[in-house]
Structure formats: structure tokens, C-alpha cells
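A quick write-up on the structure given underneath.
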Amino acid sequence: MEEIGILEVGGFQIGQAQDMEAATGITVLLCDTCAPTGVDIRGGGPASRETPLLDPRAASTGIHALVLSGGSAFALDAAGGVMRYLEERDIGFDVGVTRVPLVCQSCVFDLAIGRKDVRPDAAMAYQACLNARRDTVEEGCVGAGTGCTVGKCGGADFAMKSGLGTYAVRNGDLCVGAIVAVNAMGDIYDIDTGKQLAGLRGEDGTGLRSSEEFIYAMEAQKAAGYAANTTIGAIVTNAAFDKSKMGKIAAMAHNGFARTIRPVHTSNDGDSIYALSLGTVEANIDVVGTLAAYVMGKAVGRAVRAAHGMCGFPAMRDLGLV
């Protein structure tokens, strides 16, 4: 098994756009063909658009694009910009008079950093499509990761900056990759070593402490927590599966969240993972799902390592943790 760039999986492009002053942005995955896609949503407060398309009972066989963005539910109109971009290029489901692009979207809550009144919109999404590339993907405070933070159960004063991360591997002919915007209430741990990388800072603003222990104490004191969360991401693979099986792969990929984010999948999170089939390689679903969990966990780590301090939130590199 070897590490590769996520775009080496093939069959798609990634475009990003952001507003650094407002600390929010958008990441768009544009599929070369209609890609069979599944989703698994485990957080209690998701903001999403068109996810019913991915129900195995729905008629659609796949989607043409996926949008990951900041802005919470206010940003769900951004997918319209992707639809316009695709319709102009005659891409979509043929309904006779036109082609309707099938575009799913999920959002993180980043309204508490930067400006709460500026959110990703259709114009930003359209620009992200124009920015789409097949060679490299910028990580850190870019795209959907622009306004991401972690370790928020103690409030903004003790939180840290996070961002967008990617990771991919090749195992023989099989390629599996992950992209994720890490905006968790909890702490981030390295999937290989178990070491805490980022999260709730110490009471003096330096070092790290456990969010799990903090919330146990909060419960004893009946104190209120900080509820501006949600981690969203996608698995991409060149393995050929239908959307039902891709839904299972998305479910298995959540093990990558569970191994790297603590706590995760809370009632105040909208944690969601999509899984897109972009190729024709025959593969075992459990092998792909197991790899999906691993690459997702690695991408989570990359998201906090690549971030830089913004809007008063320090990143790993600012605290000498990298």
C-alpha cells in the first residue's frame, strides 16, 4: 500500500473558494460522470441538501457533484452555483428540455468565527468550480476548512484552529482517498499513534487537555457547552459499487472519525460522510470500507496539521505542537 495524492484516485476534480476576512469557504468535487454515491449521517444536527437522492430507494443512480461548505444551513443555496456551472456545460440528468445536475451539499457551522453575516453562496460555489483542478489540492484554512475549529467544549477561549485535510492510498489497482473539513467539538488524535494533536487547550491557553474529561465535569456541574460543530467529508474510490454499497462504505468510514475525534457524533454535530464510486475496479467492499476508515482518519490529522492561526484561534504550529 502506498500513499498517493487524492486526485490520483481519478474521475473527478476539486475546486475551492473562500473569503478569508469572513473566515468561511467552499470545496466542490466535480465528477467526470454521474457517480454512484452513498452517505452516512451520524451527527444530531446536520445541514444538507439533496441527500434523499442517495437513498437506495430513490431513482437516481448517482450524483454529478458534491459540495462541502461553511455557513451552516444559510449556505445551502450555494449548490445552485454548482448546478448553474454544470448546466452551462450540458451536464446533468436529461429531462428533455434541459439537463438537471444532481448536486448534494453538507455544511459546517462556522458562524462563530469571522463574520456571521457572510456565508458561501452561489457565486462563491461557481468560482470554486472555475478553480477546479486535477493535480493538487490545497489543505488547511481553505475551502470548507476556512472557518473550522476544534476543542470547543470549553468555549471559544480554549478552542484551536483546524481546516481541510486529504489523504489517499493505492493498494494494487485499488485507490481510496478522503477529504474532510474538521470542525469538531472534541479533540483530535493521531490515528496511528493515538497521540492527541489538537483540541481543548489548557486553562492558561497552552498545552492540551481532554475534552471528554471536561464534559464529564460539565455534566456534574450542569454547565452549558459550546455548540458550533460538525465534521463533514467524503471518500472517493476507483472501485465500482452501486450507491447502496457506497452507503456501507461511508458508514465504515465513520470509524475513522471515531478513532481520531473525541467526542464525536454528538447531538450538536452534523457529522456526515459521503462515499463516491469513480471508477471500474473490482474490489471487496470490506477492504474498501476498512481503507476508507483509515484514510479518513489520516485526513483528519492532516486537517489540523495544515491549519494556521486565524481570528484569534491558534493552530498546532502556533503552539509548537507540529
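Excluded from the calculations below are hydrogen atoms, water molecules and symmetry mates; all remaining heavy atoms, backbone and side chain alike, are included. Just so we're clear, the structure is a prediction, and the values are computed from it rather than from any experiment.
A donor-acceptor contact shorter than 3.5 Å links the side chain of D187 to the backbone of L200. Under the 3.5 Å distance criterion, the side-chain polar atoms of R99 are left unmatched by any main-chain donor or acceptor of F93. Proximity of a side-chain donor or acceptor of S48 to a complementary backbone N or O of T51 within less than 3.5 Å is not detected. Proximity of a side-chain donor or acceptor of N171 to a complementary backbone N or O of L174 within less than 3.5 Å is not detected. Under the 3.5 Å distance criterion, the side-chain polar atoms of H254 are matched with a main-chain donor or acceptor of D40.
I249 places a side-chain heavy atom less than 4.5 Å from the side chain of I285. Two residues are said to be in side-chain contact when any heavy atoms from C-beta on lie closer than 4.5 Å; L30 and L86 meet this criterion. Residues L276 and T237 form no side-chain contact, since every pair of their non-hydrogen atoms from C-beta on lies 4.5 Å or further apart. Under the 4.5 Å side-chain criterion, counting only non-hydrogen atoms from C-beta, Y85 is not in contact with V28. Side-chain contact between F313 and D318 is absent, with no heavy atoms from C-beta onward closer than 4.5 Å. Between I235 and V295 the shortest side-chain heavy-atom distance falls below 4.5 Å. Q105 places none of its side-chain heavy atoms less than 4.5 Å from the side chain of E50. Side chains of T27 and Q16 form a contact here, defined as non-hydrogen atoms less than 4.5 Å apart.
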Yes or no on side-chain contact (heavy atoms from CB on, under 4.5 Å) for V182 and C148, after CA distance, side-chain angles and deciding distance?
-> CA-CA 6 Å; V182 181; C148 288; 5.6 Å; no
Hey, mind stepping through Y294 and D192 against side-chain hydrogen bond (donor to acceptor under 3.5 Å, both in side chains) and telling me if it holds?
-> CA-CA 9 Å; Y294 182 69; D192 293 318; 3.0 Å; yes
I would like to know whether V264 and D269 meet side-chain contact (heavy atoms from CB on, under 4.5 Å); could you show each step before the answer?
-> CA-CA 8 Å; V264 70; D269 290 304; 5.5 Å; no
Which is it for M310 and M20 under the side-chain contact (heavy atoms from CB on, under 4.5 Å) test, yes or no, and what are the steps along the way?
-> CA-CA 9 Å; M310 278 179 60; M20 297 304 289; 3.7 Å; yes
side-chain contact (heavy atoms from CB on, under 4.5 Å) evaluation trace for N183 with T149 = CA-CA 5 Å; N183 192 53; T149 50; 3.7 Å; yes
Steps toward side-chain hydrogen bond (donor to acceptor under 3.5 Å, both in side chains) verdict (S106, Y274) = CA-CA 9 Å; S106 281; Y274 296 82; 2.6 Å; yes
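Taking each heavy atom of C175 and N238 in turn, the nearest pair found is N-OD1, 2.8 Å. Closest approach of V82 to A65, counting heavy atoms only: CG1-CB, 3.7 Å. Residue A181 comes nearest to G145 through the heavy atom pair CB-N, 4.3 Å, listed as atom of the first residue, atom of the second, then distance. The shortest heavy-atom contact between F241 and S277 is N-OG, 3.3 Å. Residues A315 and G309 come closest through the heavy atom pair CB-N, 3.7 Å.
Atom-to-atom distance recorded for I14:CD1 and C129:SG is 12.5 Å, nearest 0.5 angstrom. Distance check: L319 CG to R201 CZ gives 6.5 Å after rounding to the nearest 0.5 Å. Rounding to the nearest 0.5 Å gives a distance of 9.5 Å between CZ of R49 and SG of C104. Atom NE2 of H64 and atom CZ of R89 lie 14.5 Å apart (nearest 0.5 Å). In this structure, CG on N284 lies 10.0 Å from CG on L291, to the nearest 0.5 angstrom. To the nearest 0.5 Å, atom SG of residue C311 and atom CD of residue E21 are 9.5 Å apart.
The number of heavy atoms from other shown groups lying within 6.0 Å of CD (E2) is above 12.
Residues L53 and L76 do not share a hydrophobic cluster, defined by chaining ILVMFWY side chains whose heavy atoms lie under 4.5 Å apart. Hydrophobic clustering, with ILVMFWY side chains joined whenever heavy atoms are under 4.5 angstrom apart, groups I188 together with L208.
A cation-pi arrangement is absent between R134 and F12, since the terminal nitrogen or guanidinium carbon is not both under 6.0 Å from the aromatic centre and inside a 45° cone about the axis. Annotation: cation-pi geometry not satisfied between R302 and Y167 (NZ/CZ under 6.0 angstrom from ring centroid, within 45° of ring axis). A cation-pi arrangement is found for R262 relative to Y189, the charged atom lying closer than 6.0 Å to the ring centre and inside a 45° cone about the ring normal.
Between the side chains of E87 and T98, at least one donor N or O lies within less than 3.5 Å of an accepting N or O. Residues D204 and T206 bring a donor and an acceptor atom of their side chains to less than 3.5 Å of each other.
We find that E88 and R84 are joined by a salt bridge, their nearest charged nitrogen and carboxylate oxygen being less than 4.0 Å apart. By the 4.0 Å N-to-carboxylate-O rule, K298 lies too far from E139 to be salt-bridged with it. Using a 4.0 Å cut-off between a side-chain N of Lys or Arg and a carboxylate O of Asp or Glu, R42 and D271 do not qualify as a salt bridge.
Applying the side chain to side chain contact (heavy atoms under 4.5 Å, CB included) criterion to R305, with sequence neighbours excluded, gives D190, L197, M316.
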